[in-house]
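Working notes, structure below.
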Amino acid sequence: MQGIVLQVVRFGFLILLWLFVYAIIRSMRADLASAAGTRRPATSGFRQRRRDQGRGGARYLVVTAGALANTRITLGDQPVLIGRADDSTLVLSDDYASERHARLSKRGDDWYVEDLGSTNGTYLDRGKVTTAVRAPLNTPIRIGKTVIELRS
């Protein structure tokens with residue numbers, strides 16, 4: 001009788017192990033599919049710059065959704081640190097934001113957003129930010145439940 005119980009336990013453990021492997025593979029496929037689906041077609045940098053020149057550069061950072069909705073920060077040349085830390089430029093009271101979640105920094109006339117190793121990620125439009133990415137005007141940047149945009 002003990003031999004049968006031992007075999008059933010082994011078989012059950014094997015099933016749980018395979019379910020775990022299946023869950024990991026499924027999660028990885030979903031991440032890859034979402035990353036491939038959010039890629040934008042390559043456009044000429046010259047065309048993008050010409051579109052932005054007519055509107056001027058970003059002068060404000062505006063919170064469009066979240067606890068700080070309608071908050072506006074005037075941008076200078078200094079980077080903007082976003083997170084729950086008290087010394088952040090934009091302090092979020094969002095459980096889904098990390099202490100030091102993201103940074104907006106100016107390079108030339110353009111602003112770039114980068115994730116600082118946050119737990120829940122930073123999203124530009126619908127794509128996850130993994131490296132410093134140029135943030136166009138009026139494009140939503142999502143950090144937890146908070147959504148911000150660069151405005152002229």
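The structure presented is a predicted model; accordingly, all values stated were derived computationally and were not measured.
Hydrophobic clustering (side-chain heavy atoms under 4.5 Å, transitive across Ile, Leu, Val, Met, Phe, Trp, Tyr) keeps L16 apart from I24. L68 and V62 are not part of a single hydrophobic cluster, where members link through side-chain heavy atoms under 4.5 Å apart.
Taking 4.5 Å as the limit, every side-chain heavy atom of I141 sits out of range of all side-chain heavy atoms of T139. Considering only heavy atoms from C-beta on, R151 comes within 4.5 Å of N138 through its side chain. Looking at T122 and I82, their side chains never come closer than 4.5 Å, going by heavy atoms from C-beta outward. No side-chain heavy atom of I148 sits under 4.5 Å from any side-chain heavy atom of I73.
Within 6.0 Å of NZ in K106 there are more than 12 heavy atoms belonging to other residues, nucleotides or ligands. Within a 6.0 Å radius of CD1 in I4, no more than 12 heavy atoms belonging to other residues, nucleotides or ligands are found.
In terms of heavy atoms, K128 sits closest to G121 at CE-CA, 4.1 Å. Nearest approach of L150 to W111, heavy atoms of both residues: CD1-CB, 3.5 Å. Taking every heavy atom of both residues into account, Y96 and N120 meet most closely at O-ND2, 3.0 Å. Taking both residues in full, the closest heavy atoms of V129 and V113 are given as CG1-O, 3.8 Å, listed atom of the first, atom of the second, then distance. When every heavy atom of V147 is checked against every heavy atom of P140, the shortest pair comes out as CG1-CB, 3.7 Å. Closest approach of R103 to P79, counting heavy atoms only: CD-CB, 3.9 Å.
Separation of atoms OH (Y112) and CZ (R134) is listed at 7.0 Å; rounding is to 0.5 Å. The CG atom of L90 lies 9.0 Å from the CG atom of L104; values are rounded to the nearest 0.5 Å. Distance CZ/R26 to CG/L19: 11.5 Å, rounded to 0.5 Å. For the atom pair CZ (R84) and OG (S98), the distance works out to 6.5 Å, reported to the nearest 0.5 Å. Distance check, rounded to the nearest 0.5 Å: CG of L124 to CD1 of I143 gives 10.5 Å. Note: L116 CG to H101 NE2 = 8.5 Å, rounded to the nearest 0.5 Å.
Classification of D87 and R100 as a salt-bridged pair holds, one side-chain N sitting under 4.0 Å from a carboxylate O.
Checked by atom type and distance alone, the side chain of S118 never pairs as donor or acceptor with a backbone atom of D115 at under 3.5 Å.
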